[in-house]
Amino acid sequence: MIFRQEYPRPQLVRKEWLNLNGEWDFAFDDNNIGPKEKWYKKEHAFFNKINVPFAYQTELSGINDQSFHDWVWYRRELEIPQEWKGKKILLHFGAVDYRAWIYVNEQLVGYHEGGHVSFHFDITEYLTEKTNTLVVRVEDPSTDETIPRGKQYWLEHSDSIWYTRTTGIWQTVWLEALEPTHLSKLKFTPDVDSGNINIEYEVSGDYLNKEIDITIEFKGQTVASESIQLYERCHKHSINLYNQKVFRTGFHHDGWNWTPENPNLFDVKILVKDKSTIIDEVTSYFGMRKVHIEDGMVHLNNKPYYQKLVLDQGYWPEGLLTAPTDGDLKKDIELAKEMGFNGCRKHQKVEDPRFLYWADQLGFLVWGECAAAASYSEEAAARLTREWIEVIERDYNHPSIIAWVPLNESWGVPGIRSNKQQQHHSLAMYHLIHSLDTSRLVISNDGWELTTSDICAIHNYNHGNHDELAKYQYFKKSLSTKDDILQSQPAKRKIYANGFDYQGEPILLTEFGGVGFKVGGDPGWGYTSVKNVEDFVRDYKRIMEAVYDSNILHGYCYTQLTDVEQEINGLLTYDRQPKCDLKAIKEINDMWHNDIILK
């Protein structure tokens with residue numbers, strides 16, 4: 001059975017590509033003898049089969065082994081289409097956790113470190129006209145707490161908030177055929193205030209005297225078309241879209257801007273031409289969207305916007321970090337919107353670009369977050385930094401992403417409250433991300449012990465069970481005013497690290513709730529617990545009333561969308577079955593409307 005056949009890079013689409021998902025040869029290398037014995041040359045070393053792109057720990061991989069195997073190998077044969085002869089062939093990997101060595105026809109073509117981002121290699125010179133062999137060697141140190149691992153547990157069996165590991169290939173592998181001269185980078189930066197879309201692109205190969213044609217459409221109608229003669233490899237220019245038309249600006253409504261309520265997108269076609277011959281054709285899209293801070297509130301397209309987010313871990317029972325199908329990614333967003341949420345915080349995971357595509361298309365805010373290390377070291381800081389640079393390069397064009405979260409709850413910086421080195425790491429990540437992306441907000445350490453940050457993001461699970469009235473009243477009071485919330489220490493952690501304090505940024509409650517409710521089967525782990533559907537809905541309403549009563553909160557992120565393994569805090573079960581009538585959740589979420597003047 002073959003899964004995941006959809007085009008994997010929705011922001012830069014070409015017609016000539018070949019999906020390499022499906023059955024591969026596979027081998028465990030527990031003693032790490034493969035390099036010495038040159039397994040990249042030996043077909044007989046591979047005794048197992050695996051269904052790519054699912055990790056060996058998953059049911060859908062066909063192996064379903066959750067024990068430690070830190071070195072694994074993959075192998076398959078490649079047939080390059082005849083019509084690709086003379087073209088440049090790129091080999092793409094959506095994500096491989098954690099280190100990967102790539103061999104083509106027994107030759108090493110490249111190495112990549114970082115388990116959550118895409119990478120590619122030009123393999124043209126390694127190919128033959130006959131059948132080609134692709135081998136991938138992977139190292140994933142199961143117990144190393146200094147690599148960005150997110151929720152993947154460093155002990156063998158998952159427990160509490162820690163889950164089963166994902167080793168090796170876990171996103172689509174694919175080939176792409178290109179002419180020697182082709183578009184190699186494309187970046188869209190919307191300027192809602194001017195009505196301009198700023199376009200940056202790079203052309204590889206012999207670009208001199210070539211021509212770029214750019215056509216932009218909105219809902220099937222051409223709104224801009226330009227041709228540019230190329231004299232440099234890199235170009236940057238702006239195209240005005242609103243053209244002094246007030247109905248397009250969103251002055252009294254969304255107009256042509258992108259919002260969760262009206263996810264307006266512009267379709268783009270880019271041609272690279274040599275005289276009248278098309279040598280590269282790319283399709284893409286963008287949204288006109290602005291996010292900024294004003295008067296202590298987050299503004300979307302220059303209007304105050306109350307964020308109703310849900311924490312989304314992005315795990316599936318059959319595939320762990322890998323969604324079984326593209327439709328499963330879309331379904332998670334549809335279910336969240338059905339419950340009245342307008343976005344998610346993608347927790348401790350860099351999500352598949354297909355999820356971001358559906359967030360763009362359906363209208364769903366996303367806080368992007370990278371997996372964290374558990375411990376701090378100079379190498380851990382360097383690893384996280386390198387990965388974030390690649391994350392932003394890959395996902396920059398998605399209008400749904402409005403914020404980046406480089407650190408969470410002091411994971412990887414356990415001494416940040418007073419440790420100057422770890423504080424500098426937090427500051428470095430904050431400023432690095434802003435240096436790469438000026439169009440989004442950055443939260444320095446979501447939860448507590450913040451340094452410089454665009455949002456004061458606080459976690460508080462101290463609402464107690466429904467019969468713990470004193471605890472609940474204290475929870476309500478801790479959210480009621482600015483002074484109350486800033487002086488609270490919900491996890492016995494100060495809201496700001498030593499030497500830092502509140503500077504007027506918006507205050508959001510970005511983790512809370514976590515009502516544990518198991519539908520059938522053995523009980524699991526939750527922050528609080530209920531025993532039936534009626535109590536589940538009642539407890540959700542009780543907690544949300546405290547949030548909506550706050551005089552200072554301007555948004556929230558509820559924990560969480562789904563159960564994950566033994567963690568039963570979800571509004572949905574692990575296999576995405578509702579735990580109650582979703583209309584009841586929406587009715588509670590709709591107690592607060594975004595058209596109400598913010599407090």
Side-chain angles (χ1 to χ4, degrees), residues 254 258-261 289-312 333 336-337 339-347 359 363-369 399-405 408-409 440-448 450 453-461 463 475-476 478-482 484-486 488 490 495 502-514 540-541 543-561 571 585-586 588-599:
D254 291 339
W258 185 97
T259 68
E261 294 73 28
R289 188 267 299 126
K290 173 186 177 183
V291 57
H292 78 285
I293 302 302
E294 185 178 328
D295 298 329
M297 292 178 282
V298 176
H299 284 58
L300 183 64
N301 302 329
N302 295 319
K303 300 172 185 176
Y305 197 89
Y306 194 95
Q307 295 176 67
K308 301 179 180 183
L309 310 181
V310 64
L311 196 75
D312 184 354
I333 296 172
K337 287 178 70 77
M339 289 185 281
F341 295 102
N342 55 30
C344 75
R345 178 177 161 221
K346 207 66 187 180
H347 190 39
F364 199 60
L365 302 175
V366 177
W367 287 21
E369 185 174 343
S400 56
I401 302 176
I402 65 164
W404 299 115
V405 184
N408 169 72
E409 288 188 348
R440 295 178 172 93
L441 309 177
V442 181
I443 296 88
S444 66
N445 184 21
D446 203 292
W448 47 67
L450 291 145
S453 184
D454 295 335
I455 287 177
C456 176
I458 297 172
H459 299 178
N460 189 337
Y461 291 98
H463 48 76
F475 173 75
K476 285 190 66 174
S478 71
L479 303 179
S480 59
T481 68
K482 181 180 70 175
D484 285 328
I485 203 166
L486 294 176
S488 67
I495 302 302
Y502 179 67
Q503 298 295 316
E505 52 268 22
I507 301 175
L508 277 73
L509 186 63
T510 52
E511 280 191 38
F512 69 104
Y540 183 79
K541 183 176 183 181
I543 295 168
M544 292 308 302
E545 284 176 341
V547 173
Y548 287 151
D549 282 347
S550 172
N551 292 318
I552 189 62
L553 292 177
H554 294 300
Y556 60 80
C557 179
Y558 180 83
T559 304
Q560 62 186 344
L561 181 63
L571 295 165
I585 301 298
K586 186 178 190 304
I588 296 167
N589 286 344
D590 286 349
M591 291 189 303
W592 197 103
H593 298 283
N594 202 56
D595 56 358
I596 297 173
I597 298 174
L598 292 175
K599 301 171 185 176

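Here the structure is a predicted model, which means the values were calculated and not measured.
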With a 4.5 Å limit on heavy-atom distance, are the side chains of [X] and [Y] in contact?
X: Asn301; Y: Asp254; answer: no
X: Arg440; Y: Ile402; answer: no
X: Cys344; Y: Val310; answer: yes
X: Asn342; Y: Lys337; answer: no
X: Asp446; Y: His459; answer: yes
X: Glu511; Y: Asn408; answer: yes
X: Cys456; Y: Leu508; answer: no
X: Ile507; Y: Ile458; answer: yes

Exercise. Hey, mind stepping through Lys482 and Tyr502 against side-chain contact (heavy atoms from CB on, under 4.5 Å) and telling me if it holds?
Worked result: CA-CA 10 Å; Lys482 181 180 70 175; Tyr502 179 67; 3.5 Å; yes
Over all atoms of both residues, closest heavy-atom pair of [X] and [Y]:
X: Met297; Y: Pro304; value: SD-CB, 4.2 Å
X: Leu553; Y: Leu509; value: CD2-N, 3.7 Å
X: Gly368; Y: Ile401; value: N-CG2, 4.3 Å
X: Ile543; Y: Gly513; value: CD1-CA, 4.2 Å
X: Ser453; Y: Ser444; value: OG-N, 3.2 Å

Does the [X] side chain pair with the main chain of [Y], one donor and one acceptor, at a distance under 3.5 Å?
X: Asp549; Y: Lys476; answer: no
X: Asn551; Y: Thr481; answer: no
X: His292; Y: Lys290; answer: no

Please round to the nearest 0.5 Å and tell me the distance separating atom [atom1] of [X] and atom [atom2] of [Y].
X: Lys308; Y: Cys557; atom1: NZ; atom2: SG; value: 14.0 Å
X: Glu369; Y: Lys346; atom1: CD; atom2: NZ; value: 11.0 Å
X: Lys541; Y: Tyr548; atom1: NZ; atom2: OH; value: 12.0 Å
X: Ile443; Y: Thr510; atom1: CD1; atom2: OG1; value: 8.0 Å
X: Ser478; Y: Leu486; atom1: OG; atom2: CG; value: 11.0 Å
X: Ser488; Y: Phe475; atom1: OG; atom2: CZ; value: 10.0 Å

Exercise. Going by an N to O cut-off under 4.0 Å, is there a salt bridge joining Arg345 and Asp312?
Worked result: no
For this session: Quick one: list whatever passes ring-ring contact (aromatic ring centres under 6.0 Å, His included) with Phe512, sequence neighbours left out.
Result: Tyr556, Tyr558
For this session: Mind checking ring-ring contact (aromatic ring centres under 6.0 Å, His included) for Phe341 and listing every partner two or more places apart, or none if nothing turns up?
Result: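 Partners of Phe341 by the ring-ring contact (aromatic ring centres under 6.0 Å, His included) criterion come out as none, since no residue qualifies.
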For this session: Examine the side chains of Thr259 and Tyr305 and answer whether a donor and an acceptor come within less than 3.5 Å of each other.
Result: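 Result is no, nothing qualifies.
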Problem set entry | Ile455 vs Glu505, side-chain contact (heavy atoms from CB on, under 4.5 Å): CA-CA, chis, key distance, verdict | CA-CA 5 Å; Ile455 287 177; Glu505 52 268 22; 5.6 Å; no
